[in-house]
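In what follows, a structure is listed as structure tokens, so that the remarks can point back to it.
Order of the sequence lines fixes the chain letters, A, B, ..., with proteins taken first and strands second; residue numbering starts at 1 for each chain. Computation of the quantities below employed the complete heavy-atom set of this structure, encompassing side-chain atoms and omitting hydrogens, waters and symmetry-equivalent molecules.
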Amino acid sequence: MNHIDFIASSAASAVKALYGTEPGPGLIQVQPTRKEFEGDVTLVVFPLLKTSRKAPEATAQEIGLWLKDNVAQIESYNIVKGFLNIKLSGSYWAEVLSALASNPEYGQLPPTGKTVMVEFSSPNTNKPLHLGHIRNNLLGWSISQLLKACGHNVMRVNLVNDRGIHICKSMLAWLKCGNGITPESSGMKGDHLVGDFYVKFNDLFKAEVKELVAGGMSEDDAEKNAPILKEAQAMLVKWEQGDPEVVELWRTMNGWVYDGFDRTYRSLGISFDRTYYESQTYKGGKALVEDGLSRGIFFRAEDGSVWCDLTGDGLDRKLLLRGDGTSVYMTQDLGTARQRFEEYNLDEMIYVVGNEQNYHFQVLKLILGKLGFGWADSIYHMSYGMVELPEGKMKSREGTVVDADDLVVKMYNTAKETSLELGKLDGMSESEQDSLFRMLSMGAMKYFILKVDPKKTMLFDPKESIDFNGNTGPFIQYTHARIQSILRKAEGLEKVAGKAELLPKEESVIALLASYPEKVREAGAAHSPALIANFAYDLAKEFNQYYHDTQIIREEDAAVRSQRLVLSETVARTLRHAMNILGIELPDRM
RNA sequence: GGUUCCAUAGCUCAACUGGAUAGAGCAACAGAUUUCUAAUCUGUAGGUUCAGGGUUCGAGUCCCUGUGGAAUCACCA
């Protein structure tokens with residue numbers, strides 16, 4: 001039990017003893033005391049006035065007095081308006097510190113037995129990954145780390161969109177002007193190579209449209225009838241028929257892309273437990289729709305297409321099967337959702353997908369609910385906002401798309417430059433330096449993106465993202481490196497808490513540490529890694545202030561020094577745990 | 001037009017789910033280094049929380065109305 005819960009339950013006892021009634025849920029409101037006031041924990045008494053039938057100050061006074069008399073760990077209290085500020089004793093905090101320090105898994109919540117699947121990344125195989133995918137990947141990775149910390153079994157999955165007209169476009173352009181080029185022959189990363197042919201297709205397409213328009217065709221008609229587009233569509237039909245040549249080319253080029261993606265994933269430090277491919281799942285879901293049709297949940301239009309009427313829910317009608325009987329995106333998702341819930345007996349299914357698909361997931365849940373699946377409510381769309389640049393949205397036409405691999409390299413170079421400038425890496429080998437620069441650059445980038453509330457549109461300013469001072473990943477990494485440096489020098493010294501008095505600043509650091517498991521639970525419930533990022537920053541900042549004007553190793557009193565070492569070590573361990581949730585590693589030196 | 005989301009310091013973001021005098025970082029200015037790592041710390045300045053109403057002991061947070069912005073409403077995925 002942390003200090004907040006401890007005071008809450010003590011306050012509940014006080015109310016019962018003083019007023020004879022058990023306080024109802026929500027009436028005991030306890031929060032950390034704000035810095036301006038004296039105390040550790042604050043009880044808000046306003047909700048209790050109906051029970052006490054007294055003025056706020058008088059109620060606070062009575063409860064404060066009772067607590068001081070009956071709870072040994074409470075040292076003093078003061079009252080400001082309707083707020084009862086309670087100060088816990090130094091020995092209480094010392095005990096808390098000892099307990100935290102002795103738990104190597106601190107921050108890991110007990111197993112819940114629940115299984116959660118997180119789907120994220122889900123790229124198309126016609127373009128390399130860009131900044132938007134990075135936000136997706138980082139969110140997906142960190143939400144799954146977070147849920148693991150909450151005690152759930154977590155399964156990370158990727159659903160690769162490996163089929164469709166866009167893939168055929170790249171293939172066609174490669175056939176027309178690739179001259180047999182491969183990643184090996186060109187030295188290019190496969191996803192970039194294929195992406196270039198996708199761009200090439202669009203160039204050829206535009207040229208044809210222009211020519212047709214010049215010949216007197218309307219722009220709309222020209223865009224629909226450009227020969228190269230017709231060719232791509234014909235290729236898609238061949239692919240669906242299993243034409244050996246087309247399928248072979250498709251396999252080869254997708255293989256190039258997967259190699260490229262793997263490298264990007266590795267540089268971001270993410271991986272999956274299972275990868276699904278749309279080419280294998282896109283036909284699923286039809287049976288589900290047929291079933292709904294026979295039960296009168298869906299209806300068939302005159303042309304044979306199947307729909308779900310959602311006008312009663314304030315939405316539109318949604319197509320589920322085309323007139324020719326083929327399925328659409330929604331059909332597939334209905335099918336895969338059911339397959340996954342049944343195969344893995346999921347308690348929750350999280351889709352990390354951009355907010356441009358809010359409507360899709362709203363409809364998905366509604367339809368599954370109409371089909372009678374109780375687990376429809378266990379679907380959570382982790383919807384995140386776009387990443388914009390200082391000059392506005394990323395536009396591929398204007399060439400402002402920030403490529404994931406380029407960004408990773410740029411961040412690495414900046415980390416390297418900054419580190420070498422500071423010149424603290426004497427005696428570090430090349431490979432150690434390399435891994436440090438990776439840690440720092442990815443730490444900066446990941447923290448920059450993850451500290452923002454997922455659902456908000458965020459601005460990515462390249463200049464600001466490479467700033468390593470202030471509220472940044474490297475700030476937290478630096479705090480850790482300094483602690484590790486102390487601990488190295490303290491090797492052989494005793495580390496025990498509870499044998500010495502604590503400074504006020506030490507108590508507030510311990511209070512922060514003590515609130516960590518609750519923060520993990522809260523962040524998990526809110527599906528928000530940003531809460532963990534903010535916690536880590538607060539803890540690092542609090543420790544830095546403490547570190548600045550307190551001696552640790554140089555402290556002469558052995559009991560005090562020993563306790564400070566325990567505190568430092570526990571802060572370092574908690575920072576590692578929190579940052580690991582974000583997918584950020586902390587160096588021992590920097 | 002329907003649905004959903006967003007709006008807080010010059011800029012980027014917080015605010016414990018309704019609590020005290022709305023906090024950090026960046027940028028600006030003034031300081032701290034014979035030091036356990038200055039990628040740090042201290043201070044100054046910066047606000048009608050988009051506007052107006054409502055709910056109550058109490059609203060950045062909840063409910064209306066409006067303004068501004070974003071996404072979406074395909075026989076694309």
Practice problem: Just call it for A:G323: base, sugar-phosphate, or nothing, with non-hydrogen atoms closer than 4.0 Å on any strand. | Solution: base
Self-check item: Sugar-phosphate or base contact per nucleotide [nucleotides 5-11 of chain B; S, B, -; heavy atom under 4.0 Å]
Solution: SSS----
Quiz item: Which part of the nucleic acid, if any, lies within reach of A:E518 when heavy atoms closer than 4.0 Å are counted: base, sugar-phosphate only, or nothing?
Solution: nothing
Self-check item: Results of side chain to side chain donor-acceptor pair (under 3.5 Å) for A:Y384 - residues two or more places apart only
Solution: A:N136
Quiz item: Which part of the nucleic acid does A:A530 contact within heavy-atom distance under 4.0 Å: base, sugar-phosphate only, or nothing?
Solution: nothing
Exercise. On the 0 to 90° scale, with breaks at 30° and 60°, tag the A:Y351-A:F361 ring pair as parallel, tilted or perpendicular.
Key: tilted
Exercise. Write down the distance separating the P atoms in B:rA9 and B:rG23, rounded off to the nearest Å.
Key: 14 Å
Quiz item: What pairs with A:E240 under side chain to side chain donor-acceptor pair (under 3.5 Å), at least two apart in sequence or on another chain?
Solution: A:R163
Exercise. Could you tell me which residues satisfy salt bridge (charged side-chain N to carboxylate O under 4.0 Å, His left out) with A:E522, sequence neighbours excluded, listed by chain and number?
Key: none
Quiz item: Expressed as a whole number of Å, how far does the C1' atom of B:rU65 sit from that of B:rA71?
Solution: 23 Å
Practice problem: Would you mind classifying the nucleic acid contact of A:Y478 as base, sugar-phosphate or nothing, using non-hydrogen atoms under 4.0 angstrom? | Solution: base
Quiz item: Which of residues 34-47 of chain A have a heavy atom under 4.0 Å from RNA chain B?
Solution: A:R34, A:F37, A:T42, A:V44, A:F46, A:P47
Exercise. Report the base-pairing partner of B:rA30 (Watson-Crick or G-U wobble, both distances below 3.5 angstrom), or none.
Key: B:rU42
Quiz item: Restricting to pairs with a member in residues 562-576 of chain A, which pass salt bridge (Lys or Arg N to Asp or Glu O under 4.0 Å), not counting sequence neighbours?
Solution: A:K495-A:E569, A:E506-A:R564, A:E555-A:R564
Exercise. Sequence neighbours left out, what passes ring pair (Phe, Tyr, Trp, His ring centres under 6.0 Å) with A:Y537? Give chain and number order.
Key: A:F475
Practice problem: Please work out which of the three classes, parallel, tilted or perpendicular, describes the rings of A:H133 and A:H130, given edges at 30° and 60°. | Solution: tilted
Practice problem: Identify, with sequence neighbours excluded, every residue that meets side chain to side chain donor-acceptor pair (under 3.5 Å) alongside A:E231. | Solution: A:K176
Quiz item: Which sits closer to the 5' end of RNA chain B, A:Q357 or A:K81, going by the nucleotide each is nearest to?
Solution: A:K81
Quiz item: Which is true for A:Q551 with a 4.0 Å heavy-atom rule: it touches a base, it touches only sugar-phosphate, or it touches nothing?
Solution: base
Quiz item: Base, sugar-phosphate, or nothing for A:M590, non-hydrogen atoms under 4.0 angstrom?
Solution: base
Practice problem: Could you check whether A:Q31 gets within reach of a base, just the sugar-phosphate, or nothing at all, counting any heavy atom under 4.0 Å? | Solution: base
Quiz item: Paired with B:rU3 by Watson-Crick or G-U wobble geometry, both distances under 3.5 Å: which nucleotide is it?
Solution: B:rA71
Quiz item: Using purine N1 to pyrimidine N3 plus N6-O4 or O6-N4 for Watson-Crick, or N1-O2 and O6-N3 for G-U wobble, both under 3.5 Å, which nucleotide pairs with B:rU55?
Solution: none
Exercise. Side chain of A:E356 only, please: which of B:rA71, B:rU37, B:rA20 is the nearest?
Key: B:rA71
Exercise. Could you list the residues that satisfy side-chain contact (heavy atoms from CB on, under 4.5 Å) with A:S528, not counting sequence neighbours?
Key: A:P454, A:A526, A:A530, A:L531
Quiz item: Since syn is defined as within 90° of 0, does B:rU4 count as syn or as anti?
Solution: anti
Exercise. Not counting sequence neighbours, which residues clear side chain to side chain donor-acceptor pair (under 3.5 Å) with A:T326? List them please.
Key: A:R322, A:D324
Self-check item: For B:rA20, the Watson-Crick or wobble counterpart (both distances under 3.5 Å)
Solution: none
Quiz item: Is A:D453 touching bases, backbone alone, or none of the nucleic acid, heavy atoms closer than 4.0 Å?
Solution: sugar-phosphate
Quiz item: How is A:F448 classified with respect to the nucleic acid when contacts are heavy atoms under 4.0 Å: base, sugar-phosphate, or nothing?
Solution: nothing
Quiz item: Counting only non-hydrogen atoms, which of residues 49-62 of chain A are less than 4.0 Å from RNA chain B?
Solution: none
Quiz prompt | A:D377: side-chain contact (heavy atoms from CB on, under 4.5 Å) partners, not counting sequence neighbours | solution = none
